[in-house]
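Note that the numbering runs from 1 along the sequence shown for the chain. All values below were derived from every heavy atom in this structure, side-chain atoms included, with hydrogens, water molecules and symmetry-related copies excluded. Computed from a predicted structure; not experimentally measured.
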Amino acid sequence: MPAEWEPHTSTWLTWPRPASISFPGRYDIVPPILAKLVHLIAEGESVHINIWDADLERLAKRSLEDGGVPLAKVQFHPFRAYEP
């Protein structure tokens, strides 16, 4: 695995679900912050976002658009969430 300072072509992240336990009671503040992060990253490279479903993808795209993110630099990758 290369070091974090090594050159790379893209960044990957996972968009959180509103109903998850990651940000209990504080989810509403998270998407605008993620949009700012993605906006900054997208200035220099593409961003790949793992997404749970089509509804969450729509919410994520809306947040990114509201944050001025150039969606041409973002690719969404759907995958199924683990449900015990």
Side-chain angles (χ1 to χ4, degrees):
M1 182 66 113
E4 62 270 10
W5 58 81
E6 293 294 330
H8 63 279
T9 59
S10 65
T11 295
W12 285 76
L13 59 91
T14 298
W15 200 268
R17 296 178 291 168
S20 75
I21 61 170
S22 297
F23 305 100
R26 301 190 63 181
Y27 180 83
D28 291 343
I29 66 169
V30 173
I33 294 168
L34 280 175
K36 287 179 185 179
L37 175 67
V38 172
H39 189 274
L40 291 169
I41 294 169
E43 289 177 0
E45 61 190 51
S46 61
V47 180
H48 296 267
I49 300 176
N50 296 313
I51 201 82
W52 302 110
D53 58 31
D55 291 334
L56 188 57
E57 183 173 338
R58 281 189 289 278
L59 289 173
K61 283 182 177 177
R62 189 175 312 132
S63 293
L64 295 173
E65 288 171 338
D66 289 349
V69 175
L71 292 183
K73 299 280 290 197
V74 178
Q75 292 182 356
F76 290 92
H77 302 272
F79 67 96
R80 296 178 61 101
Y82 171 73
E83 300 291 340

Could you please spell out the steps behind the side chain to side chain donor-acceptor pair (under 3.5 Å) verdict for Q75 and S46? CA-CA 8 Å; Q75 292 182 356; S46 61; over 6 Å; no
With clusters defined by side-chain heavy atoms of hydrophobic residues (ILVMFWY) lying less than 4.5 Å apart, directly or transitively, does L13 cluster with I29? yes
Mutual orientation of the aromatic rings belonging to F79 and W52 [parallel < 30°, tilted 30-60°, perpendicular > 60°]: tilted
Begin from the C-alpha positions of N50 and H77 and carry the test side-chain contact (heavy atoms from CB on, under 4.5 Å) through to its verdict. CA-CA 5 Å; N50 296 313; H77 302 272; 4.0 Å; yes
Which donor-acceptor pairs under 3.5 Å do the side chains of residues 54-71 make with protein atoms, sequence neighbours left out?
residue: D55; atom: OD1; partner: R58; partner atom: NH2; Å: 2.2
residue: E57; atom: OE2; partner: K61; partner atom: NZ; Å: 3.1
residue: S63; atom: OG; partner: L59; partner atom: O; Å: 3.2

Any side-chain heavy-atom pair of P16 and L34 under 4.5 Å: yes
Would I33 and V38 show up in the same hydrophobic cluster when neighbours are defined by side-chain heavy atoms closer than 4.5 Å? no
Test side-chain contact (heavy atoms from CB on, under 4.5 Å) on V47 and L37; report intermediate values, then the result. CA-CA 10 Å; V47 180; L37 175 67; over 6 Å; no
Answer whether the closest heavy-atom distance between the side chains of W15 and P31 falls below 4.5 Å. yes
